[in-house]
2 protein chains.
Amino acid sequence: MAEPATRTVERALQLLGAVCEAGAVSLAEVSRETELSASTALRLLRTLENSGFVRKDEEGEYRPGLRLVQLGAQALSHESLIHLAAPALQRLVEATGESAYLSVRGHQGTGNDHAVYLAIAEGTHSVRHASWVGRSVPLSGSSLGVVFAGKTPESGYVVSDKGVELDVTAIAAPLRQLGATDAAVDEGPLAAISVVAPSYRMNPAEIQRIGDLVAAEARALLGIPAGS
Amino acid sequence: MAEPATRTVERALQLLGAVCEAGAVSLAEVSRETELSASTALRLLRTLENSGFVRKDEEGEYRPGLRLVQLGAQALSHESLIHLAAPALQRLVEATGESAYLSVRGHQGTGNDHAVYLAIAEGTHSVRHASWVGRSVPLSGSSLGVVFAGKTPESGYVVSDKGVELDVTAIAAPLRQLGATDAAVDEGPLAAISVVAPSYRMNPAEIQRIGDLVAAEARALLGIPAGS
DNA sequence: TGATGCGTTTCACTTATTGAAACGCTAATT
DNA sequence: AATTAGCGTTTCAATAAGTGAAACGCATCA
(Lines give C-alpha, C1' and ligand atoms only; values in the text may rest on other atoms or scores of the structure.)
Protein backbone atom coordinates (compact mmCIF):
# COMPACT_ATOMS: atom_id res chain seq x y z
CA MET A 1 0.00 0.00 0.00
CA ALA A 2 2.53 2.54 -1.08
CA GLU A 3 1.35 6.07 -1.59
CA PRO A 4 2.88 7.31 -4.80
CA ALA A 5 -0.02 9.59 -5.53
CA THR A 6 -0.21 13.15 -6.70
CA ARG A 7 -2.09 15.21 -4.23
CA THR A 8 -3.54 17.64 -6.72
CA VAL A 9 -5.14 14.93 -8.80
CA GLU A 10 -6.40 13.11 -5.74
CA ARG A 11 -8.09 16.25 -4.58
CA ALA A 12 -9.63 16.88 -7.96
CA LEU A 13 -11.02 13.37 -8.08
CA GLN A 14 -12.31 13.74 -4.57
CA LEU A 15 -14.04 16.91 -5.64
CA LEU A 16 -15.49 15.12 -8.64
CA GLY A 17 -16.84 12.41 -6.41
CA ALA A 18 -18.39 14.91 -4.06
CA VAL A 19 -20.13 16.69 -6.89
CA CYS A 20 -21.54 13.44 -8.21
CA GLU A 21 -22.75 12.30 -4.84
CA ALA A 22 -24.52 15.53 -4.21
CA GLY A 23 -25.92 15.91 -7.70
CA ALA A 24 -25.65 19.66 -7.38
CA VAL A 25 -23.51 21.61 -4.93
CA SER A 26 -22.26 25.08 -4.37
CA LEU A 27 -18.59 25.83 -4.16
CA ALA A 28 -18.76 26.54 -0.45
CA GLU A 29 -20.46 23.22 0.21
CA VAL A 30 -17.98 21.02 -1.62
CA SER A 31 -15.04 22.87 -0.25
CA ARG A 32 -16.37 22.16 3.22
CA GLU A 33 -17.14 18.54 2.47
CA THR A 34 -13.75 17.89 0.99
CA GLU A 35 -11.96 20.10 3.49
CA LEU A 36 -10.29 22.11 0.81
CA SER A 37 -9.81 25.84 0.88
CA ALA A 38 -12.30 27.66 -1.26
CA SER A 39 -9.66 28.96 -3.60
CA THR A 40 -8.20 25.54 -4.20
CA ALA A 41 -11.58 23.98 -4.72
CA LEU A 42 -12.51 26.70 -7.14
CA ARG A 43 -9.36 26.23 -9.18
CA LEU A 44 -9.74 22.49 -9.36
CA LEU A 45 -13.43 22.67 -10.18
CA ARG A 46 -12.57 25.06 -12.99
CA THR A 47 -10.17 22.52 -14.36
CA LEU A 48 -12.78 19.81 -14.12
CA GLU A 49 -15.21 22.14 -15.80
CA ASN A 50 -12.85 22.93 -18.65
CA SER A 51 -12.59 19.23 -19.31
CA GLY A 52 -16.34 18.70 -19.15
CA PHE A 53 -16.26 16.50 -16.07
CA VAL A 54 -18.43 18.92 -14.17
CA ARG A 55 -20.60 21.77 -15.31
CA LYS A 56 -22.18 24.76 -13.69
CA ASP A 57 -25.93 24.92 -13.87
CA GLU A 58 -28.04 28.02 -14.19
CA GLU A 59 -27.90 28.63 -10.46
CA GLY A 60 -24.14 28.44 -10.38
CA GLU A 61 -24.04 25.06 -8.71
CA TYR A 62 -21.72 22.35 -9.87
CA ARG A 63 -23.14 19.21 -11.44
CA PRO A 64 -21.71 16.13 -13.05
CA GLY A 65 -20.65 16.95 -16.59
CA LEU A 66 -21.21 15.37 -19.93
CA ARG A 67 -17.72 14.02 -20.26
CA LEU A 68 -18.24 11.98 -17.15
CA VAL A 69 -21.52 10.61 -18.39
CA GLN A 70 -19.87 9.76 -21.65
CA LEU A 71 -16.87 8.03 -20.17
CA GLY A 72 -18.98 6.24 -17.62
CA ALA A 73 -21.39 5.01 -20.24
CA GLN A 74 -18.51 3.93 -22.42
CA ALA A 75 -16.94 2.05 -19.59
CA LEU A 76 -20.28 0.57 -18.75
CA SER A 77 -20.77 -0.78 -22.22
CA HIS A 78 -17.29 -2.23 -22.23
CA GLU A 79 -18.25 -4.07 -19.11
CA SER A 80 -19.80 -7.08 -20.67
CA LEU A 81 -21.00 -8.18 -17.26
CA ILE A 82 -24.03 -6.00 -17.50
CA HIS A 83 -25.07 -7.34 -20.85
CA LEU A 84 -24.49 -10.86 -19.73
CA ALA A 85 -26.43 -10.45 -16.54
CA ALA A 86 -29.39 -8.49 -17.84
CA PRO A 87 -31.42 -11.51 -19.03
CA ALA A 88 -30.78 -13.32 -15.77
CA LEU A 89 -32.02 -10.36 -13.77
CA GLN A 90 -35.08 -10.16 -15.96
CA ARG A 91 -35.86 -13.82 -15.39
CA LEU A 92 -35.53 -13.33 -11.66
CA VAL A 93 -38.01 -10.50 -11.77
CA GLU A 94 -40.43 -12.56 -13.79
CA ALA A 95 -40.15 -15.47 -11.41
CA THR A 96 -40.39 -13.50 -8.20
CA GLY A 97 -41.96 -10.13 -8.92
CA GLU A 98 -39.21 -8.56 -6.82
CA SER A 99 -36.38 -6.27 -7.85
CA ALA A 100 -33.13 -7.91 -8.92
CA TYR A 101 -29.68 -6.38 -8.84
CA LEU A 102 -26.26 -6.95 -10.32
CA SER A 103 -23.55 -5.56 -8.12
CA VAL A 104 -19.79 -5.55 -7.93
CA ARG A 105 -17.47 -4.91 -5.09
CA GLY A 106 -16.68 -1.25 -5.21
CA HIS A 107 -13.29 0.29 -5.05
CA GLN A 108 -11.61 -1.03 -1.92
CA GLY A 109 -10.35 2.20 -0.59
CA THR A 110 -10.38 3.49 2.92
CA GLY A 111 -11.66 0.79 5.20
CA ASN A 112 -15.37 0.29 4.82
CA ASP A 113 -16.11 -1.48 1.58
CA HIS A 114 -19.10 -0.87 -0.56
CA ALA A 115 -20.91 -2.62 -3.33
CA VAL A 116 -22.03 -0.82 -6.44
CA TYR A 117 -25.24 -1.60 -8.27
CA LEU A 118 -24.35 -2.00 -11.92
CA ALA A 119 -27.69 -3.07 -13.27
CA ILE A 120 -31.19 -3.30 -12.00
CA ALA A 121 -34.36 -5.03 -13.05
CA GLU A 122 -37.28 -3.52 -11.23
CA GLY A 123 -39.86 -5.71 -9.61
CA THR A 124 -43.48 -5.85 -10.70
CA HIS A 125 -45.14 -5.43 -7.32
CA SER A 126 -46.39 -1.97 -6.65
CA VAL A 127 -44.58 -2.06 -3.32
CA ARG A 128 -41.04 -2.88 -4.31
CA HIS A 129 -37.49 -2.15 -3.42
CA ALA A 130 -36.31 0.66 -5.64
CA SER A 131 -32.74 1.77 -6.02
CA TRP A 132 -30.65 3.15 -8.81
CA VAL A 133 -27.77 2.18 -10.99
CA GLY A 134 -24.54 3.49 -9.60
CA ARG A 135 -25.73 3.41 -6.03
CA SER A 136 -23.14 2.36 -3.56
CA VAL A 137 -24.25 0.37 -0.53
CA PRO A 138 -22.16 -0.51 2.53
CA LEU A 139 -21.14 -4.14 2.75
CA SER A 140 -21.17 -4.60 6.48
CA GLY A 141 -24.20 -6.54 7.64
CA SER A 142 -25.59 -7.08 4.17
CA SER A 143 -25.90 -10.31 2.29
CA LEU A 144 -23.64 -8.86 -0.34
CA GLY A 145 -21.02 -8.43 2.32
CA VAL A 146 -21.07 -12.12 3.13
CA VAL A 147 -21.02 -13.04 -0.53
CA PHE A 148 -18.09 -10.77 -1.32
CA ALA A 149 -16.23 -12.16 1.65
CA GLY A 150 -16.41 -15.56 0.01
CA LYS A 151 -18.50 -16.96 2.84
CA THR A 152 -21.40 -18.21 0.80
CA PRO A 153 -22.64 -21.52 2.26
CA GLU A 154 -23.29 -24.74 0.36
CA SER A 155 -26.79 -23.63 -0.49
CA GLY A 156 -25.28 -21.15 -2.91
CA TYR A 157 -27.02 -18.09 -1.56
CA VAL A 158 -26.99 -15.72 1.39
CA VAL A 159 -30.01 -14.21 3.07
CA SER A 160 -29.92 -11.05 5.09
CA ASP A 161 -32.80 -9.84 7.14
CA LYS A 162 -32.76 -6.47 8.82
CA GLY A 163 -29.41 -5.64 7.31
CA VAL A 164 -28.64 -2.28 5.79
CA GLU A 165 -32.30 -1.49 5.48
CA LEU A 166 -34.54 -2.65 8.26
CA ASP A 167 -37.65 -3.76 6.45
CA VAL A 168 -36.19 -5.52 3.46
CA THR A 169 -34.81 -8.99 2.91
CA ALA A 170 -31.94 -9.46 0.51
CA ILE A 171 -30.96 -12.73 -1.10
CA ALA A 172 -27.61 -12.75 -2.87
CA ALA A 173 -25.46 -15.20 -4.78
CA PRO A 174 -21.86 -14.84 -5.98
CA LEU A 175 -20.65 -14.83 -9.56
CA ARG A 176 -17.55 -16.62 -8.51
CA GLN A 177 -14.82 -16.64 -11.05
CA LEU A 178 -16.14 -13.90 -13.23
CA GLY A 179 -13.16 -12.03 -14.55
CA ALA A 180 -10.90 -13.59 -11.95
CA THR A 181 -7.71 -15.39 -12.67
CA ASP A 182 -7.45 -18.89 -11.28
CA ALA A 183 -4.91 -17.71 -8.77
CA ALA A 184 -7.20 -15.19 -7.18
CA VAL A 185 -10.03 -17.36 -5.94
CA ASP A 186 -9.40 -16.55 -2.32
CA GLU A 187 -10.04 -12.88 -2.89
CA GLY A 188 -13.72 -13.63 -3.10
CA PRO A 189 -16.08 -13.10 -5.98
CA LEU A 190 -16.02 -9.92 -8.00
CA ALA A 191 -19.69 -9.69 -8.68
CA ALA A 192 -22.99 -10.87 -7.31
CA ILE A 193 -26.64 -10.91 -8.18
CA SER A 194 -29.34 -10.41 -5.63
CA VAL A 195 -33.05 -10.11 -5.12
CA VAL A 196 -34.31 -7.56 -2.63
CA ALA A 197 -37.85 -7.64 -1.31
CA PRO A 198 -39.96 -6.17 1.49
CA SER A 199 -39.62 -8.50 4.48
CA TYR A 200 -43.34 -8.72 5.19
CA ARG A 201 -43.80 -10.51 1.91
CA MET A 202 -41.20 -13.15 2.72
CA ASN A 203 -41.44 -16.45 4.56
CA PRO A 204 -39.00 -19.36 4.88
CA ALA A 205 -40.45 -21.22 1.92
CA GLU A 206 -40.46 -18.21 -0.35
CA ILE A 207 -36.95 -17.28 0.70
CA GLN A 208 -35.72 -20.72 -0.17
CA ARG A 209 -37.49 -20.68 -3.50
CA ILE A 210 -35.98 -17.33 -4.44
CA GLY A 211 -32.60 -18.31 -3.04
CA ASP A 212 -32.51 -21.36 -5.24
CA LEU A 213 -33.47 -19.25 -8.24
CA VAL A 214 -30.78 -16.67 -7.56
CA ALA A 215 -28.14 -19.30 -6.99
CA ALA A 216 -29.17 -21.10 -10.16
CA GLU A 217 -28.95 -17.96 -12.27
CA ALA A 218 -25.59 -17.12 -10.74
CA ARG A 219 -24.27 -20.56 -11.55
CA ALA A 220 -25.65 -20.36 -15.06
CA LEU A 221 -23.80 -17.11 -15.65
CA LEU A 222 -20.53 -18.72 -14.72
CA GLY A 223 -20.67 -21.03 -17.71
CA ILE A 224 -20.47 -18.14 -20.12
CA PRO A 225 -17.02 -16.63 -20.58
CA ALA A 226 -16.88 -12.89 -20.22
CA GLY A 227 -15.85 -11.78 -23.70
CA SER A 228 -14.69 -8.23 -24.15
CA MET B 1 -11.66 31.68 -22.39
CA ALA B 2 -9.21 32.17 -19.62
CA GLU B 3 -6.93 29.31 -18.72
CA PRO B 4 -6.89 29.05 -14.96
CA ALA B 5 -6.34 25.33 -15.04
CA THR B 6 -4.07 23.05 -13.16
CA ARG B 7 -1.85 21.20 -15.52
CA THR B 8 -1.51 18.09 -13.42
CA VAL B 9 -5.23 17.54 -13.19
CA GLU B 10 -5.72 18.28 -16.86
CA ARG B 11 -3.18 15.67 -17.72
CA ALA B 12 -4.73 13.13 -15.41
CA LEU B 13 -8.14 13.69 -16.95
CA GLN B 14 -6.64 13.46 -20.40
CA LEU B 15 -5.12 10.15 -19.39
CA LEU B 16 -8.45 9.00 -18.05
CA GLY B 17 -10.12 9.87 -21.32
CA ALA B 18 -7.49 8.03 -23.30
CA VAL B 19 -7.91 4.91 -21.21
CA CYS B 20 -11.66 4.99 -21.69
CA GLU B 21 -11.44 5.52 -25.41
CA ALA B 22 -9.10 2.64 -25.83
CA GLY B 23 -10.86 0.32 -23.43
CA ALA B 24 -7.54 -1.23 -22.52
CA VAL B 25 -4.08 0.27 -23.02
CA SER B 26 -0.54 -0.26 -21.93
CA LEU B 27 1.39 2.46 -20.19
CA ALA B 28 3.62 3.03 -23.20
CA GLU B 29 0.64 3.44 -25.47
CA VAL B 30 -1.19 6.04 -23.41
CA SER B 31 1.94 7.95 -22.69
CA ARG B 32 2.51 8.19 -26.42
CA GLU B 33 -1.08 9.12 -27.17
CA THR B 34 -1.16 11.80 -24.56
CA GLU B 35 2.42 12.91 -25.20
CA LEU B 36 3.38 12.52 -21.60
CA SER B 37 6.64 11.13 -20.37
CA ALA B 38 6.34 7.57 -19.21
CA SER B 39 7.21 8.43 -15.66
CA THR B 40 4.59 11.15 -15.45
CA ALA B 41 1.94 8.97 -17.02
CA LEU B 42 2.76 6.17 -14.63
CA ARG B 43 2.49 8.40 -11.62
CA LEU B 44 -0.81 9.88 -12.69
CA LEU B 45 -2.27 6.53 -13.65
CA ARG B 46 -1.33 5.25 -10.23
CA THR B 47 -3.24 8.06 -8.68
CA LEU B 48 -6.24 7.33 -10.86
CA GLU B 49 -5.92 3.70 -9.92
CA ASN B 50 -5.80 4.43 -6.20
CA SER B 51 -9.07 6.27 -6.57
CA GLY B 52 -10.69 3.52 -8.61
CA PHE B 53 -11.04 5.54 -11.78
CA VAL B 54 -8.89 3.12 -13.70
CA ARG B 55 -7.82 -0.40 -12.93
CA LYS B 56 -5.12 -2.69 -14.18
CA ASP B 57 -6.33 -5.91 -15.71
CA GLU B 58 -4.63 -9.27 -15.53
CA GLU B 59 -2.36 -8.38 -18.42
CA GLY B 60 -1.23 -5.19 -16.79
CA GLU B 61 -3.19 -2.97 -19.12
CA TYR B 62 -5.18 -0.03 -17.85
CA ARG B 63 -8.95 -0.11 -18.08
CA PRO B 64 -11.76 2.15 -16.94
CA GLY B 65 -12.39 1.59 -13.26
CA LEU B 66 -15.44 0.96 -11.18
CA ARG B 67 -15.53 4.39 -9.65
CA LEU B 68 -15.91 5.87 -13.08
CA VAL B 69 -18.75 3.53 -13.95
CA GLN B 70 -20.38 4.38 -10.68
CA LEU B 71 -20.09 8.12 -11.02
CA GLY B 72 -21.11 8.02 -14.65
CA ALA B 73 -24.15 5.95 -13.90
CA GLN B 74 -25.05 8.22 -11.04
CA ALA B 75 -24.74 11.26 -13.24
CA LEU B 76 -26.75 9.53 -15.89
CA SER B 77 -29.63 8.85 -13.58
CA HIS B 78 -29.60 12.41 -12.36
CA GLU B 79 -29.97 13.55 -15.91
CA SER B 80 -33.70 13.69 -16.15
CA LEU B 81 -33.43 14.24 -19.86
CA ILE B 82 -32.95 10.58 -20.44
CA HIS B 83 -35.98 9.60 -18.48
CA LEU B 84 -38.05 12.25 -20.16
CA ALA B 85 -36.96 11.28 -23.61
CA ALA B 86 -37.12 7.51 -23.31
CA PRO B 87 -40.85 7.18 -24.09
CA ALA B 88 -40.51 9.48 -27.08
CA LEU B 89 -37.66 7.40 -28.47
CA GLN B 90 -39.69 4.28 -27.97
CA ARG B 91 -42.62 5.74 -29.83
CA LEU B 92 -40.35 6.69 -32.70
CA VAL B 93 -39.05 3.15 -32.92
CA GLU B 94 -42.55 1.77 -32.91
CA ALA B 95 -43.67 4.14 -35.63
CA THR B 96 -40.64 3.73 -37.87
CA GLY B 97 -38.89 0.49 -37.00
CA GLU B 98 -35.62 2.42 -37.08
CA SER B 99 -33.21 3.22 -34.26
CA ALA B 100 -33.82 6.44 -32.36
CA TYR B 101 -31.27 8.46 -30.42
CA LEU B 102 -31.15 11.13 -27.79
CA SER B 103 -27.98 13.17 -28.02
CA VAL B 104 -26.51 16.24 -26.47
CA ARG B 105 -23.79 18.52 -27.61
CA GLY B 106 -20.61 17.23 -26.14
CA HIS B 107 -18.10 19.24 -24.28
CA GLN B 108 -17.03 22.09 -26.52
CA GLY B 109 -13.36 21.74 -26.11
CA THR B 110 -10.67 21.86 -28.71
CA GLY B 111 -12.22 22.87 -32.00
CA ASN B 112 -14.16 20.01 -33.50
CA ASP B 113 -17.39 19.52 -31.63
CA HIS B 114 -19.02 16.22 -31.01
CA ALA B 115 -22.39 14.95 -30.01
CA VAL B 116 -22.83 12.29 -27.37
CA TYR B 117 -25.53 9.65 -27.51
CA LEU B 118 -27.24 9.65 -24.13
CA ALA B 119 -29.98 7.17 -24.82
CA ILE B 120 -30.88 4.79 -27.56
CA ALA B 121 -33.94 2.89 -28.61
CA GLU B 122 -32.97 0.19 -31.02
CA GLY B 123 -34.92 -0.34 -34.21
CA THR B 124 -36.89 -3.45 -34.96
CA HIS B 125 -35.58 -4.14 -38.45
CA SER B 126 -32.96 -6.84 -38.58
CA VAL B 127 -30.77 -4.48 -40.57
CA ARG B 128 -30.57 -1.44 -38.39
CA HIS B 129 -28.26 1.29 -37.32
CA ALA B 130 -26.60 0.20 -34.11
CA SER B 131 -24.57 2.40 -31.83
CA TRP B 132 -24.00 2.64 -28.15
CA VAL B 133 -24.71 4.94 -25.27
CA GLY B 134 -21.78 7.18 -24.62
CA ARG B 135 -20.62 7.17 -28.18
CA SER B 136 -19.34 10.47 -29.39
CA VAL B 137 -19.91 11.41 -33.02
CA PRO B 138 -18.40 14.35 -34.90
CA LEU B 139 -20.81 17.13 -35.67
CA SER B 140 -19.43 18.32 -38.98
CA GLY B 141 -21.56 17.17 -41.88
CA SER B 142 -24.13 15.47 -39.74
CA SER B 143 -27.73 16.43 -39.24
CA LEU B 144 -26.99 16.83 -35.56
CA GLY B 145 -24.38 19.40 -36.51
CA VAL B 146 -26.98 21.51 -38.28
CA VAL B 147 -29.43 21.10 -35.43
CA PHE B 148 -26.91 22.09 -32.79
CA ALA B 149 -25.91 25.08 -34.84
CA GLY B 150 -29.48 26.30 -34.51
CA LYS B 151 -30.03 26.09 -38.26
CA THR B 152 -33.07 23.86 -38.20
CA PRO B 153 -35.49 24.98 -40.95
CA GLU B 154 -39.20 25.68 -40.57
CA SER B 155 -40.01 22.04 -41.12
CA GLY B 156 -38.62 21.34 -37.67
CA TYR B 157 -36.17 18.66 -38.72
CA VAL B 158 -32.88 18.19 -40.53
CA VAL B 159 -32.01 15.37 -42.90
CA SER B 160 -28.49 14.30 -43.61
CA ASP B 161 -27.61 11.84 -46.31
CA LYS B 162 -24.11 10.52 -46.70
CA GLY B 163 -22.93 12.41 -43.67
CA VAL B 164 -20.67 10.89 -41.09
CA GLU B 165 -21.53 7.42 -42.26
CA LEU B 166 -21.99 6.92 -45.96
CA ASP B 167 -24.89 4.54 -46.14
CA VAL B 168 -27.17 5.88 -43.48
CA THR B 169 -29.69 8.68 -43.40
CA ALA B 170 -30.14 10.63 -40.21
CA ILE B 171 -33.15 12.75 -39.36
CA ALA B 172 -32.76 15.03 -36.35
CA ALA B 173 -34.81 17.58 -34.48
CA PRO B 174 -33.77 20.00 -31.74
CA LEU B 175 -35.01 20.04 -28.16
CA ARG B 176 -34.82 23.77 -28.16
CA GLN B 177 -35.04 25.37 -24.80
CA LEU B 178 -34.39 22.29 -22.75
CA GLY B 179 -32.45 23.44 -19.75
CA ALA B 180 -31.62 26.72 -21.40
CA THR B 181 -32.21 30.10 -19.91
CA ASP B 182 -34.25 32.47 -22.01
CA ALA B 183 -31.21 34.56 -22.65
CA ALA B 184 -29.23 31.77 -24.25
CA VAL B 185 -31.39 30.93 -27.23
CA ASP B 186 -28.75 31.92 -29.74
CA GLU B 187 -26.37 29.30 -28.41
CA GLY B 188 -28.44 26.67 -30.13
CA PRO B 189 -30.24 23.74 -28.61
CA LEU B 190 -28.61 21.61 -25.95
CA ALA B 191 -30.12 18.33 -26.98
CA ALA B 192 -31.65 16.63 -29.97
CA ILE B 193 -33.45 13.48 -30.89
CA SER B 194 -32.86 11.70 -34.14
CA VAL B 195 -33.75 8.66 -36.16
CA VAL B 196 -31.00 6.92 -38.09
CA ALA B 197 -31.76 4.43 -40.84
CA PRO B 198 -30.03 2.67 -43.73
CA SER B 199 -30.35 4.93 -46.75
CA TYR B 200 -31.57 2.23 -49.09
CA ARG B 201 -34.74 1.97 -47.08
CA MET B 202 -35.49 5.68 -47.34
CA ASN B 203 -37.34 7.71 -49.95
CA PRO B 204 -38.61 11.29 -49.94
CA ALA B 205 -42.04 10.35 -48.68
CA GLU B 206 -40.72 8.16 -45.88
CA ILE B 207 -38.17 10.78 -44.92
CA GLN B 208 -40.86 13.38 -44.61
CA ARG B 209 -43.06 11.07 -42.61
CA ILE B 210 -40.28 10.28 -40.17
CA GLY B 211 -39.15 13.89 -40.10
CA ASP B 212 -42.59 15.02 -39.06
CA LEU B 213 -42.68 12.36 -36.36
CA VAL B 214 -39.30 13.34 -34.97
CA ALA B 215 -40.14 17.02 -35.02
CA ALA B 216 -43.47 16.33 -33.32
CA GLU B 217 -41.87 14.31 -30.54
CA ALA B 218 -39.22 16.98 -30.07
CA ARG B 219 -41.87 19.65 -29.78
CA ALA B 220 -43.90 17.54 -27.38
CA LEU B 221 -40.87 17.17 -25.09
CA LEU B 222 -40.52 20.93 -24.87
CA GLY B 223 -43.81 21.27 -23.08
CA ILE B 224 -42.57 19.30 -20.13
CA PRO B 225 -40.33 21.17 -17.72
CA ALA B 226 -37.08 19.40 -16.89
CA GLY B 227 -37.47 18.60 -13.21
CA SER B 228 -34.48 17.42 -11.29
C1' DT C 1 24.60 -11.93 -27.88
C1' DG C 2 23.25 -7.68 -28.87
C1' DA C 3 19.24 -4.81 -29.67
C1' DT C 4 14.76 -3.14 -28.71
C1' DG C 5 10.92 -1.87 -25.89
C1' DC C 6 8.68 -2.28 -21.74
C1' DG C 7 7.51 -0.93 -16.62
C1' DT C 8 9.74 1.07 -13.04
C1' DT C 9 12.66 4.01 -9.78
C1' DT C 10 15.58 7.82 -8.64
C1' DC C 11 16.67 12.60 -8.13
C1' DA C 12 17.99 17.52 -8.83
C1' DC C 13 15.47 21.39 -10.84
C1' DT C 14 12.18 24.55 -10.49
C1' DT C 15 7.71 24.98 -11.94
C1' DA C 16 3.25 25.09 -10.56
C1' DT C 17 0.11 24.51 -6.52
C1' DT C 18 -1.21 26.47 -2.35
C1' DG C 19 -4.19 29.12 1.12
C1' DA C 20 -4.56 33.34 3.80
C1' DA C 21 -6.13 37.57 2.96
C1' DA C 22 -8.72 41.03 0.70
C1' DC C 23 -12.52 42.36 -2.51
C1' DG C 24 -17.20 43.08 -4.15
C1' DC C 25 -21.48 41.26 -3.97
C1' DT C 26 -26.16 39.68 -2.31
C1' DA C 27 -29.27 38.54 1.26
C1' DA C 28 -30.58 38.28 5.84
C1' DT C 29 -30.30 40.56 10.13
C1' DT C 30 -30.39 44.47 13.49
C1' DA D 1 -30.09 52.20 6.69
C1' DA D 2 -26.65 50.31 8.69
C1' DT D 3 -24.74 45.73 9.87
C1' DT D 4 -23.55 41.24 9.63
C1' DA D 5 -22.79 36.94 7.35
C1' DG D 6 -21.86 34.14 3.59
C1' DC D 7 -20.80 33.60 -0.98
C1' DG D 8 -17.72 33.52 -5.40
C1' DT D 9 -13.71 35.41 -6.85
C1' DT D 10 -8.82 37.33 -7.35
C1' DT D 11 -4.12 38.22 -5.88
C1' DC D 12 0.37 36.91 -4.41
C1' DA D 13 4.47 35.35 -1.92
C1' DA D 14 6.15 30.86 0.06
C1' DT D 15 7.32 26.59 -0.86
C1' DA D 16 5.56 22.21 -1.49
C1' DA D 17 4.96 19.53 -5.28
C1' DG D 18 5.24 17.71 -10.00
C1' DT D 19 8.48 17.01 -13.67
C1' DG D 20 11.28 14.22 -17.07
C1' DA D 21 15.97 12.67 -18.33
C1' DA D 22 18.51 9.04 -17.19
C1' DA D 23 19.46 4.58 -15.51
C1' DC D 24 17.85 -0.09 -14.19
C1' DG D 25 16.18 -4.88 -14.72
C1' DC D 26 13.60 -7.66 -17.44
C1' DA D 27 11.42 -9.41 -20.98
C1' DT D 28 11.29 -10.60 -26.09
C1' DC D 29 13.20 -10.58 -30.72
C1' DA D 30 16.95 -10.80 -34.40
Side-chain angles (χ1 to χ4, degrees), chain A residues 1-65 181 183-184, chain B residues 1-65 109-110 181-184 228:
Chain A
M1 285 282 139
E3 293 267 18
T6 55
R7 192 169 60 137
T8 319
V9 175
E10 264 185 351
R11 288 174 161 185
L13 295 177
Q14 192 187 351
L15 235 10
L16 183 58
V19 169
C20 287
E21 259 183 64
V25 264
S26 66
L27 170 63
E29 257 178 277
V30 265
S31 64
R32 245 180 283 114
E33 274 176 32
T34 55
E35 297 187 323
L36 294 173
S37 75
S39 51
T40 300
L42 177 66
R43 194 158 11 86
L44 294 180
L45 282 172
R46 284 233 178 93
T47 309
L48 291 171
E49 196 186 352
N50 283 336
S51 308
F53 281 79
V54 304
R55 56 173 232 270
K56 260 173 125 167
D57 66 8
E58 316 81 52
E59 290 149 16
E61 300 208 301
Y62 289 94
R63 289 173 176 273
T181 57
Chain B
M1 287 282 139
E3 293 268 18
T6 55
R7 192 170 58 139
T8 318
V9 176
E10 265 185 350
R11 288 175 160 182
L13 295 176
Q14 193 187 349
L15 235 10
L16 182 59
V19 168
C20 288
E21 260 183 63
V25 264
S26 66
L27 170 63
E29 257 178 276
V30 264
S31 64
R32 247 180 281 112
E33 274 175 32
T34 55
E35 297 186 324
L36 295 173
S37 76
S39 52
T40 300
L42 178 67
R43 194 156 12 86
L44 295 180
L45 281 172
R46 283 233 180 93
T47 309
L48 290 171
E49 197 186 351
N50 282 337
S51 308
F53 281 80
V54 304
R55 58 172 229 270
K56 259 173 127 167
D57 66 10
E58 316 81 52
E59 290 149 17
E61 299 208 301
Y62 289 95
R63 289 174 175 273
T110 46
T181 56
D182 300 63
S228 173

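A note on names: the letters A, B, ... follow the listed sequences, proteins ahead of strands, and every chain is numbered from 1.
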Given atom [atom1] of [X] and atom [atom2] of [N], what is their separation to the nearest angstrom?
X       : N      : atom1 : atom2 : answer
B/Leu15 : D/dT19 : CG    : C1'   : 14 Å
B/Glu49 : C/dG7  : CD    : P     : 13 Å
A/Leu45 : C/dT17 : CG    : P     : 15 Å
A/Leu44 : C/dA16 : CG    : P     : 16 Å
A/Glu35 : C/dA20 : CD    : P     : 13 Å

In Å, rounded to the nearest 0.5 Å, how long is the span from [atom1] of [X] to [atom2] of [Y]?
X       : Y       : atom1 : atom2 : answer
B/Leu48 : B/Arg46 : CG    : CZ    : 12.0 Å
A/Glu29 : A/Arg32 : CD    : CZ    : 6.5 Å
A/Leu13 : A/Thr34 : CG    : OG1   : 12.0 Å
B/Leu44 : B/Glu49 : CG    : CD    : 12.5 Å

Provide the closest heavy-atom pair for [X] versus [Y] in the form atom of the first, atom of the second, distance.
X       : Y       : value
A/Ala18 : A/Glu33 : CB-OE1, 4.0 Å
B/Glu61 : B/Ser26 : OE2-N, 3.6 Å
B/Val9  : A/Ala12 : CG1-CB, 3.6 Å
B/Pro64 : B/Arg55 : O-NH1, 3.3 Å

**OP:** Determine yes or no for a side-chain-to-main-chain donor-acceptor pair under 3.5 angstrom, with B/Thr47 supplying the side chain and A/Thr6 the backbone.
**Re:** yes

Between [X] and [N], is there a contact of a side-chain N or O with OP1 or OP2 at under 4.0 Å?
X       : N      : value
A/Ser37 : C/dT18 : no
A/Arg43 : C/dT18 : yes
A/Arg11 : C/dT18 : yes
B/Thr8  : D/dG18 : no

Original post:
How does protein reach along nucleotides 24-30 of chain D, written 5' to 3' as B (base within reach of a heavy atom under 4.0 Å), S (only sugar-phosphate), or - (no contact)?
Top reply: -------

Subject >> B/S/- contact track for nucleotides 7-16 of chain D, protein heavy atom under 4.0 Å >> reply: SSBB-----S

